[in-house]
Structure formats: C-alpha cells, structure tokens
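Order of the sequence lines fixes the chain letters, A, B, ..., with proteins taken first and strands second; residue numbering starts at 1 for each chain.
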4 protein chains.
Amino acid sequence: MSSRHLELRREAYEANRDLPKNGLINLTFGNASAVDRAAGLFAIKPSGVDYADLTPESMVVVDFDGAVVDGNLRPSSDTPTHRRLFLAFKDIGGVVHTHSTHATAFAQAGRPIPIFGTTHADYFNGPVPVTRRMSPREIETAYEWETGNVIVERFEGIDPADFPAVLVNRHAPFTWGASVAKAVEVAVAVECIAQMALLSLQLAPDLPEIEGELLAKHFKRKHGAGAYYGQSEPI
Amino acid sequence: MSSRHLELRREAYEANRDLPKNGLINLTFGNASAVDRAAGLFAIKPSGVDYADLTPESMVVVDFDGAVVDGNLRPSSDTPTHRRLFLAFKDIGGVVHTHSTHATAFAQAGRPIPIFGTTHADYFNGPVPVTRRMSPREIETAYEWETGNVIVERFEGIDPADFPAVLVNRHAPFTWGASVAKAVEVAVAVECIAQMALLSLQLAPDLPEIEGELLAKHFKRKHGAGAYYGQSEPI
Amino acid sequence: MSSRHLELRREAYEANRDLPKNGLINLTFGNASAVDRAAGLFAIKPSGVDYADLTPESMVVVDFDGAVVDGNLRPSSDTPTHRRLFLAFKDIGGVVHTHSTHATAFAQAGRPIPIFGTTHADYFNGPVPVTRRMSPREIETAYEWETGNVIVERFEGIDPADFPAVLVNRHAPFTWGASVAKAVEVAVAVECIAQMALLSLQLAPDLPEIEGELLAKHFKRKHGAGAYYGQSEPI
Amino acid sequence: MSSRHLELRREAYEANRDLPKNGLINLTFGNASAVDRAAGLFAIKPSGVDYADLTPESMVVVDFDGAVVDGNLRPSSDTPTHRRLFLAFKDIGGVVHTHSTHATAFAQAGRPIPIFGTTHADYFNGPVPVTRRMSPREIETAYEWETGNVIVERFEGIDPADFPAVLVNRHAPFTWGASVAKAVEVAVAVECIAQMALLSLQLAPDLPEIEGELLAKHFKRKHGAGAYYGQSEPI
C-alpha cells in the first residue's frame with residue numbers, strides 16, 4: 001500500500017465517517033469516494049460494511065477502468081456510478097451518495113427539489129435536477145454504470161459546478177464537489193433544502209420559485225470571482 | 001440455566017437492546033425473540049420491563065407450546081404471536097415487534113407501505129403487506145395467538161423471505177429474518193421506508209409504485225443466488 | 001424542611017428532570033407536581049427556572065389552599081391548575097404539564113386526539129379529550145385556576161383513570177396518574193400517539209376510530225382486574 | 001484587545017455557541033451578535049467558520065459605521081443587517097439569525113407564522129411578521145444592508161419588543177432581545193412555534209388565530225408591569 005494511497009484512503013474514510021455524523025445515513029446505505037486525478041485512482045467505501053466498522057485501511061482503491069488496485073474488500077456496489085461521474089465531470093474531487101430521508105422522498109417522487117429560498121441558492125444555481133427513469137435494458141445490464149450515464153445525460157449542457165447534486169429517479173441523491181469533503185457538505189445541504197422545500201410546499205402548494213435576481217445574488221456570494229462569503233479572501 | 005439457553009438469551013438480549021438504540025421504541029412497546037430450532041425453544045423480552053433494565057438473564061425462554069422453560073419473569077404479552085410465527089415460518093430465526101412511529105401510522109391507517117424506491121426494494125419484493133382487521137371473536141379470545149393467525153393468513157402463498165415484515169392492522173409492524181439480528185435490521189428498514197413513502201405521498205399523492213424491473217434488480221442485488229451486494233462473495 | 005417534604009420534593013424533582021430527557025420540553029415550558037394526600041401538600045417546579053438547574057431543594061411545596069409552605073422560589077405560574085386537579089381528581093398522585101410539539105398542535109387546533117390504534121388504547125379508553133375555549137371572564141380573572149375548572153368541567157361523568165390526559169384548548173396537554181412518575185409516562189404516550197394520529201390522518205383523512213372490541217381488549221390488558229401486561233401478577 | 005471587547009466577544013461567542021446546541025443550525029448558516037451601546041460597537045460571528053471552531057477570540061468587533069475595530073477574521077456577511085437593526089431598534093442588546101428548518105419554511109413561503117396558541121403568545125403579541133420581497137435594485141446593491149431596511153420598514157409603527165422576530169421573505173428568521181442571550185431564546189421559540197403552527201394547519205387548515213383576550217393574558221404574564229412568570233419579582 002503506497003503512502004499516496006494511504007492519503008487518498010484517509011480522505012475517503014473521513015468523508016464516509018462524516019456521513020452518519022451528519023444524520024445522512026439510514027442502515028448501511030450510502031458511500032463516499034475521493035479521487036486522485038494524477039494517479040488515475042479513487043478510494044471508495046467497501047460494500048455493505050457498517051459505518052462504525054470503517055477504517056482508512058478498509059477503503060478500496062479502484063482505477064478508472066474499474067479494477068481494484070488496493071484493498072481486501074469488495075468496493076461499494078455503486079462504484080461504477082462514481083467512476084462514471086469522475087470520467088465525465090473532470091473538475092470534481094469527490095462523490096457522495098446517500099439515501100437521506102427528505103432528498104430520497106423527492107427522488108422517489110421523481111420531482112426536482114424546487115428552489116424556494118436563499119438556503120438553496122447558496123449551493124445551487126437552480127432546482128436540484130432529477131434524472132429520467134431508467135429503461136429496462138439499462139437496469140438489467142450494467143445497472144450501476146448506466147445510473148452514471150443517466151446522470152451524465154441529465155447534465156448535458158449544464159456545468160456540474162453550478163448544480164453539484166442530482167436526484168436519481170426512484171433512487172436517491174448523488175453529490176460532488178472540488179473535494180470529497182465539499183461533496184459531504186453538499187449532501188448535508190441537499191437534505192436540508194429538501195426538507196425545507198417540502199415544508200414550504202405544505203404551507204403554499206403553488207409557491208413560485210425564487211426570484212432570479214435573489215438566486216443570482218446568493219449563488220454568487222459563495223461562488224465565482226465575486227464571492228465574499230467565508231474567509232477565503234483577505235480582509 | 002443451560003449454557004445453550006445462555007447463548008439464546010444473549011442473542012435475544014442483544015436484539016432487544018438494539019431496538020431503542022435504533023430509535024424504534026416508544027415507551028416500553030416492542031420486543032424481540034430468538035429461536036433455537038434444534039431445542040424447540042425461543043427466548044423473548046419479559047413483559048413491560050424498561051429496555052434500560054434488560055440483561056441476558058432477564059430474557060424468558062419459552063417452548064413451542066408456550067410454556068415458560070427458564071426465567072423468573074413473565075414473558076412479553078405478545079409471546080403467542082411470536083410463537084405462531086415461528087411455527088408457520090420454518091426458516092426464520094428471530095422475530096421483532098415495534099411501535100415505530102411511521103410504520104405504526106401506516107398500520108393504524110390499514111394501508112400497506114407502497115414501494116416507491118430502491119431503498120424499499122433492497123429489503124422487500126413489493127409493498128409491505130397489512131393484515132385484515134381482526135374479528136370481535138378473535139380479539140376477545142386468544143388475542144395474541146390470533147394476531148399471529150391473521151399474519152399467517154395474510155402470507156398464504158407468499159414467501160416470508162420475500163416480504164420479511166407485516167403491518168398488523170390498527171396495531172404496528174412485526175418483522176423477521178434468518179436471525180433476530182437480521183429482523184432488527186428489517187425493523188429499521190421498515191420505519192425508514194415508511195417515512196420516505198409518507199413524504200413521497202405528500203409530494204405526489206398519486207405516485208405509481210416502482211417499475212417492476214427496478215424492483216427485481218434491487219431485490220436480487222441483495223437476495224438469492226445472483227446477489228452481489230456486501231462482502232459475502234469472494235472478491 | 002421536614003424529611004417528609006424532602007421525599008415529596010425528590011419525587012417532584014425526578015419527574016421534572018425526566019421531562020426534557022423524554023424530549024417533551026420546549027424552552028422552559030412545562031412542569032410536574034407530586035402530591036402527599038395525607039399531609040395535604042404538593043411539590044411543584046419553580047416558575048421559569050431552566051430544567052438543567054433544578055434540584056430537589058428548588059421544588060416548591062404548596063398546600064391545597066395554594067399557600068407556599070416550603071421553598072425559596074416562586075412556584076410555577078400553573079400551580080393553581082395543578083391544585084384544582086388534585087382537589088377534583090381524588091385518586092391521582094401527580095400532574096404533568098408540557099408543551100410537547102404534536103400534542104400541542106392538537107390542542108391549538110382544538111381537536112381531540114382520535115384513537116386510531118392499540119398504542120393509544122393501551123393508555124386511554126377513547127380519544128384524548130379537549131376542553132372548550134375559555135371565556136374572556138375566565139381568562140381575565142383567575143386564569144390558571146379557571147384552566148383547572150374547564151378541565152374538571154370536561155371530565156364531568158368521566159373517570160380520570162380512563163382518560164389520564166386532557167388537551168387545554170389553544171394551550172397544551174395536562175396528564176396525571178396514580179404517581180407523578182406515571183403522569184410522566186402518560187405525557188410521553190400523549191406526544192407519541194399525537195404524532196402517530198397526525199401521520200395516520202395524512203395517510204387516511206377520513207380514518208374511522210378503532211373498533212370498540214380492540215379498544216376494550218388493549219385498555220383492559222393494562223388496566224383493571226383482568227390486566228395481564230407487565231410483571232405485577234405472579235407468573 | 002481591550003478587556004471591554006473581551007466581555008463583549010464572550011457574550012457574542014456564548015450566543016453563537018448556543019445556536020447549534022439548540023438545534024437551530026444547518027451547515028454554517030446563522031450568526032449572533034451582541035452590542036455595547038456605550039462603546040458604539042458590536043461583536044459578531046466570523047463569516048463561514050464552523051460553529052465547532054468558534055472561540056471568544058474569533059468574534060469580530062465592528063462599529064456602527066461597519067468598520068472592523070478588532071479581530072483577525074472577516075465578519076459575517078450578514079453584518080450590515082445586524083448593524084441596521086442595532087441602529088433602528090434602540091433598546092435591543094443582541095441579534096440572532098438562523099436558517100432553522102420550520103421558521104425558514106414559513107419565510108420561504110412568504111407567510112407570517114400565525115398565532116394559534118399560548119406557546120406563541122408567551123413570546124409575541126401577534127403573528128411573527130414577514131417582510132415584503134426585496135426589489136432587484138435592493139438585491140443588487142447593498143443587499144445585506146437593504147435586508148435590514150426591509151425589516152425596519154416592516155416594523156414601522158410596531159414596537160420591536162412586542163414582536164422580537166421577523167421572517168425575511170425567501171430567506172429566514174432574525175430575532176432580537178434585550179440581550180443576545182434573550183435573542184437566542186426567541187430564536188428557539190420561533191422554530192418551536194413555527195413547527196407547532198405548521199402541524200396545527202395540517203389538522204385544521206382554516207384555523208382562526210388565538211382569541212384576543214387569551215393572547216393578551218399570556219403575553220402580559222411574561223412582559224410588562226404586571227408580569228408574574230419566572231423569578232424576577234419577590235415572592
């Protein structure tokens with residue numbers, strides 16, 4: 001096990017460990033992966049292992065062809081979906097998948113999460129998109145790879161940095177970011193805004209989405225050249 | 001107390017202890033039991049005892065005729081229901097009963113839990129079934145035994161391994177599995193998918209159930225000869 | 001401070017301490033009291049004190065005329081309501097008041113909690129009743145005493161042991177029991193069945209209440225001469 | 001750093017620390033500030049810093065013109081809103097902003113929180129108001145300052161002590177009080193009454209608001225010359 005892999009495994013491990021700490025995990029559902037672009041590898045949670053039993057060593061290192069390069073356990077059954085996303089979205093450093101309760105409710109209903117407020121606009125440049133339903137052929141053949149394909153299809157012409165999450169129809173959310181830690185943060189945000197949107201719909205079933213100028217203001221407060229939220233700029 | 005019983009009690013104890021840890025217990029409602037098929041015995045929670053006060057020694061060992069074989073406490077009042085299930089479902093190793101909040105809401109409403117997504121399909125080969133309402137005669141005579149009977153009646157022609165849970169109408173869920181630990185996991189799943197289904201119905205009141213091919217794919221990923229989820233197969 | 005009072009204060013203290021442990025407390029709302037019928041006294045939470053700061057010594061001992069007999073703090077502003085209930089319901093040993101979230105939602109809506117399942121029937125012989133709204137005169141004069149009066153009025157012809165809780169209209173629940181510890185347990189039950197009933201109504205807006213024979217069976221499993229739940233009878 | 005600032009920083013720090021303890025924080029949203037009227041300064045959370053990493057020293061001290069007087073970090077991006085409120089509401093000692101789930105759902109829906117019960121009336125002399133939507137010009141120029149302006153506009157002719165919170169349309173709640181600790185308490189109350197109101201609306205969609213005399217009774221039990229709740233008056 002190279003020290004390079006150890007660092008990558010640790011990054012993946014810490015992201016996986018943070019998922020249940022943030023209340024995003026039901027049972028053993030969900031997984032996080034971190035990529036090393038230079039090495040052409042990513043580290044991912046092993047399949048069906050309890051979150052409480054994870055260690056950096058238990059992470060599985062996989063290459064971009066899907067071959068296990070390092071690790072004693074079978075990788076997450078969702079590994080081909082992660083791999084597909086790393087291949088298509090060149091700038092992302094990590095992928096997170098959860099079955100968090102409210103985001104999954106939207107995914108099951110096949111509805112995008114409508115953008116009703118600034119909490120949402122701080123993370124997304126519009127509604128959280130949902131994929132089309134998969135065809136019987138897609139489901140019966142390379143199911144997890146095809147799951148990645150319908151996500152990539154949904155993002156044709158869309159910058160994944162503007163919409164760092166998707167709801168897979170009938171399934172659950174996937175999120176991503178410049179790092180896997182950022183993908184975890186987005187996974188927390190998706191669950192949070194899904195719950196808020198659901199409650200807002202109970203209060204106002206025909207609620208229109210947020211005004212364009214307010215969306216632009218909040219998204220740009222946190223993203224891009226003019227961002228002024230946080231501590232990244234000198235004061 | 002034979003060492004055989006001690007092992008069985010411990011198994012039942014650990015399952016009961018895990019129920020409140022998983023947020024499934026309201027008040028003292030609920031109970032878990034583990035069976036020893038060779039000995040013709042099962043161990044079950046004592047009646048009305050706080051979960052915090054349970055020990056392996058406090059579990060009550062009962063035979064298949066319902067006689068207490070070992071133990072200083074009265075067994076759960078639901079013991080005849082457990083016994084009925086062990087007699088009818090020959091392959092199960094444990095039974096769990098809870099009044100978990102969302103699953104009980106479906107049971108009270110007399111509605112099966114509709115299958116809207118892959119979280120559900122990973123555990124069940126369709127909706128979680130609900131029993132018919134019990135007759136006054138069934139209620140007034142051997143109530144808890146008859147509760148088992150209406151479950152068994154509901155499962156005529158159904159493999160309990162395909163549907164490892166039931167909602168007793170007006171009452172609450174019962175779950176089972178190859179081991180009582182597995183029955184606890186299913187009890188967690190039932191509560192989780194009940195909440196997700198309820199939220200999905202709020203978002204899409206007329207939501208059709210999951211496509212058959214997606215149900216088959218997910219159920220078979222985890223069950224049967226072609227399963228490839230988890231670590232049970234060599235990598 | 002007599003040792004008699006110390007015991008009574010301790011009983012009241014433990015009940016008050018258990019309210020936030022059971023998730024029943026929002027802010028400093030709520031209070032519990034324990035009665036000593038022989039001495040004609042009850043001990044109750046001091047007004048507006050944080051639950052985390054309570055001690056047995058901080059409980060306030062009050063007589064049946066409402067006079068503070070022991071204690072350095074002002075008693076709960078709801079003391080006259082507790083006193084009214086102790087005077088009217090001769091067999092109760094404790095009273096609990098909370099603003100628990102779901103029960104309060106029913107109280108605000110002026111709706112009794114409908115009895116939809118066996119969880120409810122294990123504690124109540126029917127729906128949890130709600131008081132009529134109070135008149136301007138009742139509100140403007142001895143408000144907290146009159147709150148007790150509308151509860152007592154609602155229970156004309158009803159045995160408070162059959163219905164150990166009430167929702168005060170626009171306000172929140174009060175519960176009672178043979179001991180204040182039992183009243184705490186009922187307060188947990190009321191919040192639990194309120195949430196379950198609300199969720200069941202979302203699933204089935206016109207859901208009829210539980211069948212009479214099932215209600216009778218469950219209520220009598222736990223109450224009265226034929227009770228067989230728990231460990232109170234020899235096995 | 002003067003010792004005066006240290007005290008002020010500590011006050012602001014403790015309020016910020018208490019926000020996640022009370023379940024009011026999603027991600028890093030939210031911030032609390034404490035004012036020192038004599039010094040013409042207030043201390044506020046630094047922007048985008050994890051609540052777990054806060055210390056008294058990390059608080060940023062700002063004057064009434066918005067200039068950073070003390071501190072190594074950038075102040076919260078919402079600082080101009082706090083500043084606007086301190087300038088307009090002369091008697092408040094602290095401001096709190098959260099994105100707490102249920103209150104934010106009302107803000108997103110643009111609906112005031114209706115006053116349905118005594119829990120609400122203990123803190124507010126009526127519904128929790130909501131601001132008008134902001135104009136494109138207000139959003140595109142000095143957005144956070146203009147956010148303060150629409151709050152102040154909404155409170156024309158209203159005593160902020162009678163309504164110690166507002167919902168900013170499409171955004172989330174701001175609260176205030178005589179001290180920042182009190183503003184935290186109000187932030188807890190706003191989330192609590194938002195959830196209760198939402199649940200009451202599910203039970204009774206056309207529920208009228210609380211009767212005027214009951215509102216007056218509860219608000220005055222806790223506020224003003226005739227208050228008799230808590231321990232502030234001699235017994």
Check each atom of Gln195(A) against the heavy atoms of chain B and say whether the ones under 4.5 Å are side chain, backbone, both or neither. neither
For Leu201(A), is it the side chain, the backbone, both or neither that has a heavy atom under 4.5 Å from a heavy atom of chain B? side chain
Measure Leu203(B) against the heavy atoms of chain A and call it side chain, backbone, both or neither at under 4.5 Å. both
Of the listed Asn169(A), Thr101(A), Leu27(A), the one with the largest count of heavy-atom pairs under 4.5 Å with chain B is Leu27(A)
Do Asn31(A) and His82(A) pair up side chain to side chain, a donor and an acceptor below 3.5 Å, judged on atom types alone? yes
If you count heavy atoms of other groups shown closer than 6.0 angstrom to CZ of Arg17(A), is the number above 12? yes
Could you tell me which portion of Pro46(A) (side chain, backbone, both or neither) has an atom closer than 4.5 angstrom to a non-hydrogen atom of chain B? both
Taking the six-membered ring for Trp, are Trp176(B) and Phe155(B) closer than 6.0 Å centroid to centroid? yes
With chain A, the option among Glu209(B), His120(B), Glu185(B), Lys220(B) that has the most non-hydrogen atom pairs under 4.5 Å is Glu209(B)
Among Ala197(A), Pro136(A), Ala107(A), the residue with the most heavy-atom pairs under 4.5 Å to chain B is Pro136(A)
Side-chain H-bond candidate by donor/acceptor type, Asp122(B) with His218(B), under 3.5 Å: yes
Contact origin within Ser76(A) toward chain B - heavy atom pairs under 4.5 Å: neither
Ring centre gap for Phe86(A) and Phe42(A) strictly below 6.0 Å: yes
Ion pair Glu153(A)/Arg132(A), N-O distance below 4.0 Å: yes
Does the Lys NZ or Arg CZ of Lys182(B) fall within the cation-pi geometry relative to Tyr123(B) - under 6.0 Å from the ring centre and within 45° of the axis? no
Contacting moiety of Gln202(A), where chain B heavy atoms sit under 4.5 Å: side chain
